[in-house]
Amino acid sequence: MEITEVLVQSVDKPLGTGGHPYFSWKIISEEKNTLQQNYRLTVTTQDGHVCMDTGVVSSRKNAYVPYSGEPLNSRTAYTVMLEVTDNHGETATAVSFFETGLLHREDWQSNWIIAEKKRKKAQPGFGKQFPSTLFRQSFPVKSGLKQARLHATAHGVYELYINGAPADERCFAPEHTVYGKYLCVQTYDVTKLLAAGSNAIGFHVGDGWYFSPNAKPNMKTDNQHAVLYQLELLYENGERQLVSSGEDAQTSEGPVVSADLYAGELYDAAREIRDWSKSTCREGQWTPAKVKTYGYDNLVPQCGDRVIAVERFPVKDVLRSPRGECILDFGQNLAGRVRITMPLKEGQRLRLEHCEVLDREGNYYNNIMSAGGVGKGCDQTDEYISDGADVSYEPHFTYHGFRYARLTVDGKAPETVDPAWFTAVLLSSEKKDVGSFSCSDEALNRLYRNIRYSQASNMLSIPTDCPQREKAGWTGDMLVYARTAMLNEDCTVLFSRWLENMSKEQDRYGIVPMVVPENGAYPMTGKLMNLMAGAKGKATSSGWGDAAVIVPYSMYEVTGNTEVLKRQYYCMRRWCDYIIRQAKTEKPKDCKRPDEIEQYLWDTGYHYGEWLVPSQSKNGLDTKNLKKIMAESSCYTAPIFGWYSVSTFAHISRILSEEDPTQALYATDAPKYAMIADKMKEAIQKGVIGSDGSMPSTLMGAYVLPLYFDLVPEAHKKRFADDLVRSIETNDFCLDTGFLATPFLLDALCKIGQEDLAYRLLWQTKAPSWLSEVEAGGTTIWENCFGYDEAGNPGTLSFNHYAFGSVADWIYRNVNGIAPAEAGFGKVIIAPKLDGKLTSASRTFDSVNGEIASDWHIEERNGAKHFCMQVKIPCNCEATVILPSGKTDSVGSGVYSYEDEI
Ligand code: BGC
């Protein structure tokens, strides 16, 4: 038995951790049926002082074990020692390491600095922002350097350069957060980039989210790019040296003339200052930096999940459109930008305008410009002005959602284009890929890839709704997709940070806003919505604010992570209290329900309802009708999602009180919230579901949600099942659920014994359906199943929204049959459900215990069909394998082959 992958805060040997890390590891063994029996974890300083020693803990827990020792010090390296004994009596040990960042405000001996020159306020749209800022500082390094750590952050987004070269491949540091309360600090190991003698450090700073007129963080800014950095050098002889941001730094304008995350970037190569981040720099007009007192209270160390280039796509085709445009087709819709090496003459302007789809004739088409007010300024345009030198350019401070880019040079389509001049770069937060899927059906394989690409495109610093229009952390989108996301990539670090930011945005009523970090573009709309609904506080909606409970719970379901449940506990609790209070104190104007029912129904305020139910959004979202459309489904989504949050929270309190019986709060909360959830359920059964078993709406989702969540009284189950089946039949076996009901649709069908119908929906190729997007050539998941109208014209909604991709979770549990029997996949059920169409399917999932795999195919031998399956179970995991004939086997870790006649 061996220990592998000892991670600290989900990262291998991280630098710059916070003061409360957690530990995870895996064990592997040749021996079958291996389980961890006990572990002992110690954390020591480099000189051997023991800061934490768990002693021998008899437990199978091998992930998210919290640090529980004496307080950790700043900028200190710690050794992690782990000893594990398995159930066969074998013992293994492993050693790892982590280093803390700056944990206290007193650790900062540097000043925030800005450029002297006043900047104006950026406006939305291409070319309407102001130049980037360069900060540079030279400093001497003596010989005998042992270690150099740089801690840095900025107002805006920065790129770090040392001695003339980029010091890190990351983009958009310091990330998208609730800046006033939570600003990330990155820690870099720059030891190898420095040499004895004269050195220099440089920061190239652009607007990012901080100053974006579209992202509009909810706070006042003075429009000045700012940086804060502290370079800490340690010499072999123990001597320390500090290089701090302060008046010694110089500033200048950068080569980016104008840049915005939504609008695009205008870059003038003639403005580049040669060797600007070298100590030998002699060019440019530099002015001393000005010190500011922005403070240190909001600084939070960040480790892991940098935004980086995760894949590159060459040009698939250079297209000439009927309008005579030159359009580069990269063959894949994605979030990112284009790297350009096209030779240009001095003064020539190369322009790329990015878009996701072409119009029916094959011309450039910007599908986001007319999507209400939210598309304003989303020009997705980059322009490069050449200085005559070789071009090697990738935009610095923008990214786009695109598959195509219209190319012009000096306003004209160039006659000859070498495809090798352009590469599309997919940007995403760095996460571990934990899943794979393939099967005998190419359309389903493409659907899987579309889901993965929509996920990759929308996990850039925060989970976003779409990469081309809003780039916003819409909470509801993540609520419906979180479980699927975690089955594809380990999003723990990204989601944990986003959830911490959610807590920061929660208002005094306990309200979790629709978007995290809040975006100035929405509170106004939000205020209006509240006004219409007569609600107080920040604008929210059922199914969106509920992300406060459901996202951490989904993370727990996939990885057994109780740490995130503890860290988010108060945020969840306050959100549930808000729902409970709203239900109790508010009632609709003409409400006739008796008080004992009404007080447990969340049925007032503003709600999006299911959102984007295909039959409702078929012809775009008519703002005039929006209120009516939403009301049609919010009459059931609000009470049901309210109950969903409160009952899940009660369950979470129970899980935590079992894990830590000393915490009285968990123990008292569990029965208290369970009782309220029961009352809410009863209220739904008596106040939403009619006494004859009817629902207040005949939308598909109205039957899906109560069936999936076991909210239907026994007497009405048959009617609900019939109504759901009928709603599908009358809809020509196409999808008609919105964001909130789609993740539960196929499961609800399985629950009522309609597996065949579930597969029929999955295989449907007519719109609206999942495969209709594949048939239409989609390479990502669309916001609206009707991406194109009947005449073939693309609509104005996004072609890269992950919400409907939540179907992958069902596919993994049914096609491949891998379903957790307990949170974290310590126990699993492997039971593929054959549909008569697929002849093979393979899935791997790298759980917190290691890789679980199910790989099956159907073989014809002597006129009989055989189902052959290989299953892989990692250590610390137990599986129940159920074959199509119903034969069952219980196994522990190991690789097993099965055959079954079908
Ligand atoms: C976003 C969504 C979001 C929705 C709220 C849209 O504009 O793109 O995905 O959840 O608004 O209804």
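Just so you know, these numbers come straight off a predicted model, no measurement behind them. Whatever order the structure lists them in is the order used to number ligands and atoms, beginning at 1. Side-chain atoms are counted along with the backbone in the values below, which use heavy atoms only and exclude waters and symmetry mates.
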- prompt: Relative to the heavy atoms of Y608, which atoms of ligand 1 are at a distance of less than 4.0 Å?
  reply: 5 (C), 12 (O)

For H801, the ligand 1 atoms whose distance to one of its heavy atoms is below 4.0 Å: 1 (C), 2 (C), 8 (O), 9 (O)

- prompt: Is there at least one pair of N or O atoms, one from W474 and one from ligand 1, spaced under 3.5 Å apart?
  reply: no

query: Do the ring planes of F641 and F744 sit parallel (below 30°), tilted (30 to 60°) or perpendicular (above 60°)?
result: tilted

Partner of Y210 under ring-ring contact (aromatic ring centres under 6.0 Å, His included), chosen from Y179, F397, F172: Y179

- prompt: Which of the numbered atoms in ligand 1 are below 4.0 angstrom from a heavy atom of E783?
  reply: 8 (O)

field: Any M514 heavy atom less than 4.0 Å from ligand 1
entry: no

- prompt: Are Y481 and Q455 close enough that some pair of their side-chain heavy atoms sits under 4.5 Å apart?
  reply: yes

- prompt: Looking at R469, which atoms of ligand 1 are within less than 4.0 Å of one of its heavy atoms?
  reply: 1 (C), 6 (C), 7 (O), 8 (O)

task: Would you mind running through ligand 1 and noting each atom that sits below 4.0 Å from a heavy atom of F739?
output: 9 (O)

message: For the 3.5 Å polar cut-off, considering only N or O atoms, please tell me whether D477 and ligand 1 meet it.
response: yes

Sub-4.0 Å atoms of ligand 1 with respect to non-hydrogen atoms of D465: 1 (C), 8 (O), 9 (O)

